[in-house]
Amino acid sequence: MEVRLAEHMGMCFGVRDAIELALRLTRQGPLTILGDLVHNPDVVARMEAAGAARAQAPDEVQTRAVLLTAHGTAQQVKLRLRDEGRQVHDAACPLVKRVHLALVKLVSEGRHPVIVGQENHVEVRGLTGDLKESTVILHEADVEKLAGKRRLGVVAQTTQPLERVEALVELIRRRFPEADVAFIDTVCQPTKDRQEAMRRLVEQSEVIVVVGGPDSNNSRKLTEFARSRGRTAYQVARASELRPEWFDGVSVVGLTAGTSTPEDVIEEVRAWLAAH
Ligand code: SF4
């Protein structure tokens, strides 16, 4: 079986930098990571092995030093932690910060902020956390929530498929022709590169394997994309989840990975596929 590799896959610079910062900080003393540093179970386990405690809410933070994740955090959470006397380290990716700034600009223009993304995703919660009001949309039906708004400012969660985002913006404009709609494309470049590489990989492969944790939004999107193009696609967090019967009669398998997947996990999966 031939294994084709996607041209862009695996960790983006935002995730890599956040992990490096976390490891550096754990060497300096006790540290709590607020939330999952990245949505990959192996990376989370490595952080725990390095001695970093984890908290899911600010109330649970026990150490003086606290690290905020690459997904970005609402300003009010940072201020609260600083008020409690904590040393706050922020690993927010600069491309997530760009989304926060885009929202500030759109709100300053008197627009109602609209985020295309998953309402309960940590990045989106970081974005909405500082806004007085906002609307999160993901599906066509969600567009109805914008009825009656005259000025709208739309951004996207960084890992949303650009096609979906553009289709929703187009739908908003058609559904509310009287509204003044501004759109800032905030899907990050590493996500765009991976989506484009995925398009090419799907054309060249019979079956697709996506390496990514079950909570990784961009891994899930890559898997959904392959399936939407009629390919059988499997998402696995590590090589031990692969099943030989998935590849019976398959001559070309395409391999890609989400932006939070470490190199060694991808290599492990590649080696397993090549050996079968
Ligand atoms: Fe930054 Fe994009 Fe990576 Fe998120 S997926 S950490 S926004 S580069």
Side-chain angles (χ1 to χ4, degrees), residues 6-25 33-44 46-47 67-75 77-78 89-105 113 115-130 136 138 154-166 183-199 201 210-225 235 237 256-263 265-266:
E7 287 152 56
H8 295 275
M9 69 165 143
M11 271 195 196
C12 57
F13 72 93
V15 168
R16 236 186 345 250
D17 290 355
I19 293 170
E20 269 175 36
L21 177 60
L23 289 173
R24 212 167 51 237
L25 291 170
I33 299 173
L34 184 57
D36 291 345
L37 190 61
V38 291
H39 287 138
N40 181 278
D42 289 280
V43 176
V44 172
R46 270 177 226 178
M47 289 303 141
L67 177 66
L68 307 176
T69 69
H71 303 101
T73 310
Q75 198 60 27
V77 173
K78 289 186 216 171
H89 301 274
D90 191 356
C93 172
L95 300 185
V96 175
K97 287 185 187 161
R98 216 184 119 230
V99 194
H100 285 256
L101 292 175
L103 280 170
V104 168
K105 177 177 182 292
I115 299 153
V116 180
Q118 282 173 297
E119 193 142 28
N120 56 358
H121 189 281
V122 59
E123 179 187 322
V124 175
R125 279 191 273 122
L127 292 169
T128 55
D130 289 324
V136 180
L138 188 61
V154 187
V155 298
Q157 182 182 350
T158 54
T159 50
Q160 283 296 315
L162 185 59
E163 271 177 26
R164 176 205 288 257
V165 177
E166 288 178 339
F183 166 54
I184 301 179
D185 171 10
T186 52
V187 176
C188 75
Q189 194 59 42
T191 292
K192 286 177 182 164
D193 290 342
R194 278 155 186 73
Q195 288 169 359
E196 193 46 47
M198 187 65 178
R199 213 161 273 138
L201 191 70
V210 179
V211 193
D215 297 330
S216 160
N217 183 53
N218 70 91
S219 301
R220 205 165 39 236
K221 290 283 171 283
L222 291 171
T223 311
E224 283 169 9
F225 176 81
Q235 184 178 331
T256 188
T259 50
S260 52
T261 310
E263 292 295 318
V265 179
I266 302 172

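Order of listing sets the numbers, starting from 1, for every ligand and every atom in it. Quick note: residue numbers are just sequence positions, from 1.
The structure places CE of Met9 at 5.5 Å from CD1 of Ile266, a figure rounded to the nearest 0.5 Å.
Using a cutoff of 4.0 Å between basic side-chain nitrogens and carboxylate oxygens, Lys192 and Asp185 are scored as salt-bridged.
Shown here are the protein N/O/S atoms lying under 2.8 Å from atom 1 (Fe) of ligand 1, water excluded: Cys93 SG.
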Given the rule in the side chain to side chain contact (heavy atoms under 4.5 Å, CB included) test, do Glu163 and Gln195 qualify, once you have shown the distances and angles that lead to the verdict?
CA-CA 10 Å; Glu163 271 177 26; Gln195 288 169 359; over 6 Å; no
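Tested against Thr256 for a side chain to side chain contact (heavy atoms under 4.5 Å, CB included), the candidates Met198, Arg194, His8 yield a single pass: Met198. Across Asp130, Thr73, Asp90, a single residue satisfies side chain to side chain donor-acceptor pair (under 3.5 Å) together with Lys78, and that is Asp90.
Inter-residue side-chain proximity for Thr159 and Lys221 is flagged as unmet; no heavy-atom pair is nearer than 4.5 Å.
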